[in-house]
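Only heavy atoms go into these numbers, but all of them, side chains included; no hydrogens, no water, no symmetry mates. In what follows, chains are A, B, ... by sequence order, proteins preceding strands, each numbered from 1.
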Amino acid sequence: MSIDFETELNDAQREAVQTTEGPVLVIAGAGSGKTRTIVYRLAHLVESGIDPAQILLLTFTKKAAQEMLARAEVILGRPLTGTSGGTFHSFAYATLRRNAADIGFNNGFTLMDRADSENICKEVKDVFKLGKGDRSYPRKSTLLDMITKSRNKELPIEIIMEREAYHLSPYLDDINEISNGYAQFKREHALMDYDDLLFLLDQLLEENAPLRNQLQTRYRYIMVDEYQDTNLVQARIVKHLAGSKGNVMAVGDDAQSIYAFRGANIANILDFPKIFEGTKIIRLEKNYRSVQPILDLTNEILAGAATKFDKHLYSDLKSDKLPEVVYPLSDQSQARLVVDQILTLQRKYMLHEIAVLFRAGYQSFPLEVALTRIGIDYQKFGGIRFHEAAHVKDVLSYLRLVLNPHDLLAWQRAMDHIKGVGPKTVAKIYKAMHSGDSKYLTTITKKHEDLRALFNELNTLRGLTPKPSMLLERIMSFYQPILIEKYPDDYPKRQAGLEQLSQIAVSYSDMEQFLGDLSLNGDPEDEKRKENSVVLSTVHSAKGLEWKAVIIIDLVEDRFPSRKAMQRAEDLEEERRLMYVACTRAKDCLKLFVPSSVYNRASGMSDPTLPSPFILELPNETFERLNESYGGGMEKRTRPETHPQLGTTRQQTHTESNTDTKNKKNTVKLGFCKHKIFGKGKIIAQPEPNKFKINFPGFGIKTIIGDYIEMI
DNA sequence: CTGCGCGCGATTTTT
DNA sequence: TCGCGCGCAG
C-alpha cells in the first residue's frame with residue numbers, strides 16, 4: 001500500500017515532503033499544514049527505504065514530537081523503530097549522558113530545575129556575603145534571570161541589564177560575581193541547568209570530532225520544528241549535527257516567534273540559507289485550520305505590527321459567524337460568562353475541543369474556581385508543574401542521592417525534616433562525607449536519631465537493584481511519616497500524587513532516564529489529553545495546538561499585553577505575535593473577553609481597565625461586540641459603537657513604542673532589493689542605518705537588517 | 001545554629 | 001494574599 005501524496009498534499013507541501021536531499025527551509029504560516037508536512041515527510045523517507053533510525057526530529061515540546069511520530073506510523077501502517085524525536089534539551093540530555101566523561105563529568109551529573117538553580121544563586125550570594133541587610137537587593141529569581149538570559153542571548157550581563165533591567169545597574173558587579181560563583185558551584189557538585197545541556201552539547205560536538213562524525217552519519221535526515229524559536233546555541237547544534245552538506249529541514253514562521261525572552265533569535269531562520277549553502281526555500285501560505293472570518297481578524301492583528309509581519313493567510317473554510325468581542329463588567333463576571341459560554345459551546349463541541357487561553361498562569365484562577373463549582377472538568381497547561389511540587393521533590397531527592405552523592409541540594413532537601421539540623425549543619429556533614437571525616441559523622445548521627453535512619457536508608461537503597469519503581473516503593477514507605485508530619489493539612493492529596501509518580505516509574509528501567517525525563521517533560525498528567533475536560537492554557541503552552549473553539553480572557557492593558565512587556569518597542573511586538581498565536585489556534589469559533597475591571601491584589605479592590613491595544617485596533621467589521629448587561633446577561637450591540645477611548649489612550653500609552661509613525665517622516669530612499677526568503681521587494685523606509693522596511697509581494701511589509709538583502 | 005514571627009514587596013512566558 | 005528574607009530568641 002502506497003501513500004497518495006498527490007491528493008493528500010498541496011503543491012508546496014508536496015515539494016517540502018519530496019525534497020529530501022540537501023538543506024530545506026519551510027516558511028509555514030499558522031495552520032498551513034506544517035505538522036502534516038513533517039508527518040508526511042517522515043513517512044515518505046521511510047517508504048523510500050531510509051532506515052527510520054537515521055531520522056532525527058527536533059521539536060519544541062515532547063508532545064509535538066510524539067504526535068508527529070505517531071501520525072507518521074498511522075500513515076505508514078507500521079512502527080517507526082529507532083527514530084529519534086524530542087526537544088533539543090532532551091536530545092542533549094541523552095547525548096551528554098552517554099558521553100559524560102568527555103566533558104569532565106566522570107561520575108555522571110544531575111539535572112537541576114529552576115528552583116535548584118535559584119537556591120544555588122542564593123547560596124553563592126550568602127557565601128560571598130553580598131547584599132547583607134540590603135532590603136532592595138535583587139531576589140534570587142531576578143539574579144538567575146539575569147544569568148540565564150545573558151547565557152541564552154550570549155551577551156554580557158551588563159548588556160542585558162542595560163536593555164531590560166536598568167534599575168539593577170548598581171548590582172552589576174555583584175551579579176557578575178554571583179554568576180561566576182554559580183558556574184563554579186555547578187561544576188563542583190556535578191550539576192547542570194537547562195542552559196548547560198545545550199552549551200555542553202555544543203562544546204562536545206565542537207571538540208569531539210569522532211563523535212560529531214558518528215552522529216552526522218547516524219542522523220542522515222534532520223528536521224527541526226519551530227525554527228524561529230531557536231537560539232544561537234541551538235542553531236550551532238543543528239549545524240554540527242547536519243554537517244556542511246547535510247540533509248536538514250528547518251520549519252518555522254517568523255510571525256509566531258514568541259520566545260525572545262529565552263534567547264530565541266529571529267536571525268537564525270533568516271540566516272539559515274546563509275549557513276547551509278544551496279538551501280531550497282518553500283513557503284506554505286494556504287491555511288487549513290480556521291474559517292475565513294477568524295483569519296480576517298488575525299490578519300488585522302499582524303497588520304498593526306510595527307514590523308508588519310503580514311502574511312495574509314487565506315482559507316477555503318467559510319463561516320457567516322464573526323468572532324466575538326465580549327465586555328464583561330469585571331473579571332469575576334468574566335469567569336461566570338466564560339462558564340456560560342462553555343456550557344453553550346458544549347452542545348456543539350466536545351469539551352476537549354474547547355480551550356480558554358490567557359497570558360499568564362494566574363489569570364485562570366477565578367475561572368478554575370467557577371468551573372470546579374459547576375462541576376466541569378478542566379485540564380491546565382502551563383502552571384505549577386507536578387515535579388515542582390515540594391513532596392515530589394522530597395522523594396526525588398533520595399533517588400538523586402543514590403545516583404549522585406555530591407548532590408548538595410538533594411542532601412539539603414533530604415535532611416530538611418530532621419529537627420535541629422539546618423543549612424549549616426548540612427554543609428558540615430557534606431564536607432565531612434567528602435573529606436572522609438568519619439569522626440564528625442559518628443558524633444552527629446549519635447546526636448540525631450533521624451539522621452542515622454536516613455543514612456541507613458540511603459545505604460540500603462544503594463545496595464538494591466537500581467530500578468526506579470523498586471527504589472521508589474521503598475522510599476515511599478520511608479517517607480510516609482515525614483509526609484504526614486510536614487503536610488498535615490493535605491497529605492492525602494500529596495500521597496495520591498506520589499502514587500502517580502510510582503505509576504510513571506514502572507515504565508522506566510533506567511534511573512537517570514527517569515529523573516531526566518521528569519525534569520524535562522513537566523507534568524506527566526499533561527501527556528494524556530483528557531477526553532472530557534476543557535483545556536486551560538497559557539498562550540505559550542498552546543503553541544502548535546488547535547481547538548474548534550477558543551476563548552481568550554483578560555484582554556486588557558497590563559495583562560495582555562503583560563505590564564512587564566511594555567518597556568521596549570520589541571516587547572510589545574512580541575506580545576502582538578503572542579496575540580496572533582493565540583487567535584490562530586481557533587478553527588471555528590473565537591471569543592475575546594475584555595473585562596471592564598479586574599481585581600487588584602495590592603489594593604484588594606477592583607480597578608477599572610483599559611481594553612488591550614490589540615482589541616482597540618481591530619476594525620469594527622471584523623467582529624461582533626457583546627456587552628454584559630447590568631442584569632448579568634449579554635447584550636448585543638447591533639450598531640458597533642467605536643471603542644471607548646480609542647485614539648487618545650493609544651497615543652498616550654504607546655507613543656514611545658510606536659516607532660512606525662515617527663519614521664514615516666524620513667521616508668526618502670526608494671528602490672528594489674532581493675531577499676533570500678521573501679524574494680523581490682520594494683524598499684519603503686530606512687528606520688535605522690542598517691535596517692530597511694521592505695514590501696514583499698505576498699508577504700507584506702517587513703523590517704529587515706541590511707545584511708540580509710541584496711540591492712537591485 | 002535553628003526556628004519562628006514579622007513586614008515588605010511583588011505578580012510573564014519555558015526547557 | 002502569599003512568599004521571601006531578615007532579625008531575634010532560645
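Considering only residues two or more places apart in sequence or on other chains, A/H434 meets the ring-ring contact (aromatic ring centres under 6.0 Å, His included) condition with A/H406, A/Y430. Residues passing the ring-ring contact (aromatic ring centres under 6.0 Å, His included) test with A/H448, sequence neighbours excluded: none. Residues passing the ring-ring contact (aromatic ring centres under 6.0 Å, His included) test with A/F614: none are found, sequence neighbours excluded.
If you check residues 122-129 of chain A against DNA chain C, the residues with a heavy atom closer than 4.0 Å are A/K122, A/K125, listed by number.
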Revision key, fill the gap. Reading nucleotides 1-7 of chain B from 5' to 3' and marking B where a protein heavy atom lies under 4.0 Å of the base, S where only the sugar-phosphate is that close, and - otherwise, the string is SSS----
Do any side-chain atoms of residues 144-151 of chain A form donor-acceptor pairs under 3.5 angstrom with protein atoms, and if so which ones, sequence neighbours left out?
from   : atom 1 : to     : atom 2 : distance (Å)
A/D145 : OD1    : A/R114 : NH2    : 3.1
A/T148 : OG1    : A/N152 : ND2    : 3.2
A/T148 : OG1    : A/D195 : OD2    : 2.5
A/K149 : NZ     : A/E164 : OE1    : 2.9
A/S150 : OG     : A/L155 : O      : 2.9
A/R151 : NH1    : A/D196 : OD1    : 2.7
A/R151 : NH2    : A/D196 : OD1    : 3.2

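Of the candidates B/dT15, B/dT13, C/dG5, the closest approach to any side-chain atom of A/K140 belongs to C/dG5.
Nucleotides B/dT12 and C/dG5, compared at atom P, are 16 Å apart to the nearest Å.
Distances shorter than 4.0 Å separate none of the side-chain N or O atoms of A/T538 from OP1 or OP2 on B/dT12.
Checked against a 6.0 Å centroid threshold, the rings of A/Y93 and A/F91 do not count as neighbours.
Across all strands shown, A/F88 has no heavy atoms under 4.0 Å from either base or sugar-phosphate atoms.
For A/S117 and A/D193, the side-chain atoms include no donor-acceptor pair closer than 3.5 Å.
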